[in-house]
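Since this is a predicted model, take the numbers as computed values, not measurements.
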Amino acid sequence: MQAIARPFFGPEHEAFRDQVRRFCENEIAPHHAEWEQAHGVPLEVWRKAGENGLLCAWLPESVGGPGADFLFDIVVSEELCRIGATGPGFNLHSLVVAPYIAHYGTPAIQQQILPRMVSGELVGSIAMTEPGAGSDLANIRTRAVRDGDGWLISGQKTFITNGQNAGVIVVAAKTEDEAGKPGISMFVVTADMPGFSRGRNLHKIGQHAQDTAELFFENVRVGPEHLLGEVNKGFRYMMQELPQERLCISVNCQARAEAVFGWTQEYVKERKAFQQRIADFQNTRFKLASLWADLQAGRALCDSLIQRHLLGQLDTASASAGKLWHSELLDRVTDECVQLHGGYGYMQEYAVARAYCDARIERIYAGTSEIMKEIIARAICDEPRR
C-alpha cells in the first residue's frame, strides 16, 4: 500500500538513510540479542556510530559536528526502530543531551564536550529522575551549593538511560541564587570527576539492551563553566527542551509500531491454522485494517509535528499530545500483534514479544500519559480565548 509522502526528507536524507540502514543491519541487528543478555551496548559501537556520522548530525562544524540538520538524526532513530533496536541510546545522546550543552553551555564546555559526543568518545545522559522524584521535577533533592567560584553537587539519580556508558551527564540540581532564592539549575558533570559513581545496572521488563543506571554524586566539584546558562533557570531550560524530547518519542513510537505491524503482516500470511492462512480469517483482516488506519493517522500526526518543529512552531501542548498519542498507539499495536502471533507472540525469541515489553515504558518516561493529559488540559481550559 502507498505510504504517506514525507516531502521534508530530501535526496540527501534518503542517501543517508541507506547508509544508516546498512550500519544497523551489519553492526547492530546481528548483536542486539547478545546485548540484551549483557544489559548494555559496548562502547565500541558508539565509536563506530561516530565514525559513520550517526551521532549529533545536527551540530554545526564549529563544535565538531557534521553541520547537517535535525532530520538526519531523525533518520538514525527511525532506522534503529525499524529493526527493533532499543539498546543504542543514540537518540537521547544526540537530540536530548547534546542540545542542553549546545544551547546553554559556555564556549569552553562546548569545545571540550561536543566534538567528543560527535565522535562517540563520550556517551551522553541526562540525570533528572530521582528515587523520590519522577515527573515532579520540583521535588528533586540533589543539591548544588557554591564552593568558591564553583559548585559542589550531591545527590542520587535513578532510571538514567545510558547511565553505565555515560561519559558526560547533564544534571538537574536544586540551587540558590546570590539573593538566596531557591530554584533548579543544570550542570555538566563528566564521569572522571571525583565523587561521581555509578550504582547497579537496572534490569527492566523491557529494553534489556539499554543500560539504565543509578548515579551518585558525593560532593562532586565542578567549575563555574560547568553551569549551563544561568543559576535557577534550569526549569525554564527543561521546558524549552522538552518539546523536542517528546517529539523524539513520537518519532520512535511511530516507527516501532510500523515495524511491528510489518512483522505481523508477514507472519499472518505464512502461518496456517485450520487449513488456511491466519491472514484469511476475517478477524485477522479486520484487526490489521484497524491497525493500519491507526498507523496512517499516527504517521500524519508525527510528520506534522516534525514539520512544525522544523519551522520553530512546536509548542509544549502539541508535543505532549503527540507523545501521548504515539506512546499509546505503540501499546495498542504491539498488544494486537502479539495476539495475532498466538503462543509464539509470547516467546522471547520473537521480535514481537520483545517489542511488547519494550513498548510499556514509553507511556511513563519524559512525562507520564497522565502528565501529558494535564499539560494538554491546561492549554485547552486555562489559556485565555483568542
Mind checking what makes side chain to side chain contact (heavy atoms under 4.5 Å, CB included) contact with E374, not counting sequence neighbours?
-> R378

Write out all pairs satisfying salt bridge (Lys or Arg N to Asp or Glu O under 4.0 Å) with one or both partners inside residues 246-263, taking only residues at least two apart or from two chains.
-> R256-E362, E258-R299

Would you please name every residue forming a ring pair (Phe, Tyr, Trp, His ring centres under 6.0 Å) with H326, sequence neighbours left out?
-> none

Residues passing the ring pair (Phe, Tyr, Trp, His ring centres under 6.0 Å) test with F16, sequence neighbours excluded, are F72

Charged N-O contact under 4.0 Å between R236 and E230 = no

Of E336, Q339, Q282, the one forming a side chain to side chain donor-acceptor pair (under 3.5 Å) with K287 is E336

State which residues pass ring pair (Phe, Tyr, Trp, His ring centres under 6.0 Å) with Y344; sequence neighbours excluded, sorted by chain then number.
-> Y350

Sequence neighbours left out, what passes side chain to side chain contact (heavy atoms under 4.5 Å, CB included) with I361? Give chain and number order.
-> Q207, I364, Y365

Which residue pairs satisfy the salt bridge (Lys or Arg N to Asp or Glu O under 4.0 Å) criterion with at least one member in residues 163-189, sequence neighbours excluded?
-> none

Sequence neighbours excluded, every pair satisfying salt bridge (Lys or Arg N to Asp or Glu O under 4.0 Å) that has a member inside residues 186-213 = R200-E214

Pairwise salt bridge (Lys or Arg N to Asp or Glu O under 4.0 Å) hits with a residue in residues 38-63, at least two apart | E27-K48, E44-R47

Co-membership, hydrophobic cluster, residues L305 and V75, 4.5 Å side-chain | yes

Residues in ring pair (Phe, Tyr, Trp, His ring centres under 6.0 Å) with Y100, at least two apart?
-> none

Sorted by chain and number, sequence neighbours left out, side chain to side chain contact (heavy atoms under 4.5 Å, CB included) with A279 holds for V268, K269, R277

Residues clustering with L202 (ILVMFWY side chains joined when closer than 4.5 Å, directly or via others) = F159

